[in-house]
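The sequence lines fix the lettering, A, B, ..., with proteins before strands; numbering per chain opens at 1. For the numbers below, each heavy atom of this structure counts, side chains included, while hydrogens, waters and symmetry mates do not.
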There are 2 protein chains.
Amino acid sequence: MTSENRPDQTRFDSHADILKALAHPVRLMIIDQLLLNPKCVMAIHEILDVRQSNISQHLSILRNSGIVASDSDGSYRYYYVRRPGLLKAVLETLDTDWPETDIEEVRKKFKKALNKNQKKQGINP
Amino acid sequence: MTSENRPDQTRFDSHADILKALAHPVRLMIIDQLLLNPKCVMAIHEILDVRQSNISQHLSILRNSGIVASDSDGSYRYYYVRRPGLLKAVLETLDTDWPETDIEEVRKKFKKALNKNQKKQGINP
DNA sequence: ATTCCATATTCGAATAATTGAATACACAAC
DNA sequence: GTTGTGTATTCAATTATTCGAATATGGAAT
């Protein structure tokens with residue numbers, strides 16, 4: 001029972017990093033705004049009524065995790081979402097009303113997996 | 001510029017709650033395992049090589065945020081994912097290699113939005 | 001160069017998340 | 001009852017996150 005058993009660790013590590021960066025209401029609102037069109041810090045600050053320094057802090061978190069990037073046009077520095085498809089998919093998934101598992105099906109599935117493991121050896125269910 | 005401007009706050013609050021519950025590598029690995037089939041704490045503990053109490057703690061976080069639930073079969077207490085569609089969609093979205101924004105398109109879009117706002121009034125870009 | 005404006009960073013305080021260890025609880029089997 | 005087995009909870013220590021305030025930086029315009 002070493003860490004060899006632990007499957008796909010780095011995969012889940014990087015997934016968790018992205019999810020952590022997304023897991024804040026203000027950051028989600030920022031992303032929502034940037035998906036409409038690229039915006040400067042001031043614009044986001046005014047739309048969301050959140051302090052400018054805080055917007056900058058959240059943007060830096062989003063930038064460090066690769067979710068947004070920025071570019072300059074003259075004196076304007078605007079931010080944009082790097083992979084809009086990813087973010088739209090995440091938001092759409094969260095907006096969707098997903099059906100609940102049928103608990104009877106789950107019960108059957110558990111018993112089945114239980115039997116299979118008991119036949120093989122004493123693996124815990 | 002009151003909080004009336006802040007759009008969909010509760011929507012992003014609840015989304016952030018779910019994302020926060022998902023934003024941990026061990027919890028993602030637990031969900032990954034539970035999507036295969038329902039499992040008991042001990043089984044997860046052995047597969048992931050994470051302490052039993054810690055598995056219980058993570059499961060309680062996942063249960064409190066509505067992501068998993070548990071049921072009993074005899075002396076076994078197994079956990080399962082409540083809305084597998086949601087979790088599968090999230091993991092699949094994270095596994096996908098999404099294309100990057102075309103930065104020239106973004107630049108154009110920013111300038112366009114900039115002009116529109118300048119015509120209307122002095123709204124920050 | 002100085003001023004102005006937008007943005008970034010630093011700092012400190014408060015709060016929250018994470019984890020191991022120990023312990024408590026539940027409940028079946030004896 | 002007691003024992004055993006699986007699971008949950010509590011506690012404490014550590015580490016991380018969040019945010020306002022203040023300050024710093026950077027670039028354009030004067």
Spacing between N64(B) atom CG and dA17(C) atom C1', to the nearest angstrom: 14 Å
State which residues pass salt bridge (charged side-chain N to carboxylate O under 4.0 Å, His left out) with E105(A); sequence neighbours excluded, sorted by chain then number. K108(A)
Round to a whole Å and report the spacing from CZ of R63(B) to C1' of dA8(D). 9 Å
N54(A), nearest nucleotide to its side chain (from dG20(D), dT18(C), dA8(D)): dG20(D)
Does T101(A) use its side chain to pair, donor to acceptor, with the backbone of V81(B) at less than 3.5 Å? yes
Ranking dT7(C), dT18(C), dA17(C) by distance to the side chain of R27(B), first place goes to dT18(C)
If only side-chain N and O atoms of H58(B) are considered, is one of them under 4.0 Å from the OP1 or OP2 phosphate oxygen of dT9(D)? no
How many whole angstroms separate atom CG of D73(A) from atom P of dT7(C)? 12 Å
L22(B) atom CG is separated from dT18(C) atom P, nearest whole Å, by 12 Å
Whole-Å distance, I44(A) CD1 to dA8(C) C1', equals 14 Å
I'd like to know if the side chain of S72(B) reaches the main chain of R77(B), judged simply by a donor and an acceptor atom lying under 3.5 Å from each other, with no hydrogens or angles considered. no
Counting primed atoms, P, OP1 and OP2 as sugar-phosphate and everything else as base, the B/S/- map of nucleotides 21-30 of chain D against protein heavy atoms under 4.0 Å is BB-----S--
So does H45(A) get a side-chain nitrogen or oxygen closer than 4.0 Å to the phosphate oxygens (OP1/OP2) of dA6(C)? no
Report the distance from atom NE2 of H24(A) to atom P of dA17(C), rounded to the nearest whole Å. 11 Å
Identify whether any heavy atom of Y79(B) sits under 4.0 Å from a base atom; if not, whether one sits that close to sugar-phosphate; answer base, sugar-phosphate or nothing. sugar-phosphate
Phosphate oxygens OP1/OP2 of dA8(C): is one of them under 4.0 Å from a side-chain N or O of R77(A)? yes
Measure from the side chain of V41(B), starting at C-beta and using heavy atoms only, and say which of dT7(D), dT18(D), dT7(C) lies closest. dT7(D)
Ignoring hydrogens and geometry, is there a side-chain-to-backbone donor-acceptor pair from N64(B) to S60(B) under 3.5 Å? yes
Strictly distance-based, threshold 3.5 Å: is any side-chain N or O of W98(A) a donor or acceptor partner for the main-chain N or O of T93(A)? yes
Side chain of M42(A) only, heavy atoms from C-beta on: which candidate in dT18(C), dT7(C), dC19(D) is closest? dT7(C)
Could you name each residue pair satisfying ring pair (Phe, Tyr, Trp, His ring centres under 6.0 Å) that touches residues 24-44 of chain B, not counting sequence neighbours? H24(B)-H58(B)
In this structure, how many angstroms lie between the P atom of dT9(D) and the CG atom of L59(B), rounded? 11 Å
Quick one: sort the Y78(A) and Y80(A) rings into parallel, tilted or perpendicular, breaks at 30° and 60°. tilted
Figure out the CD1/P separation between I61(A) and dT9(C), and round it to whole Å. 12 Å
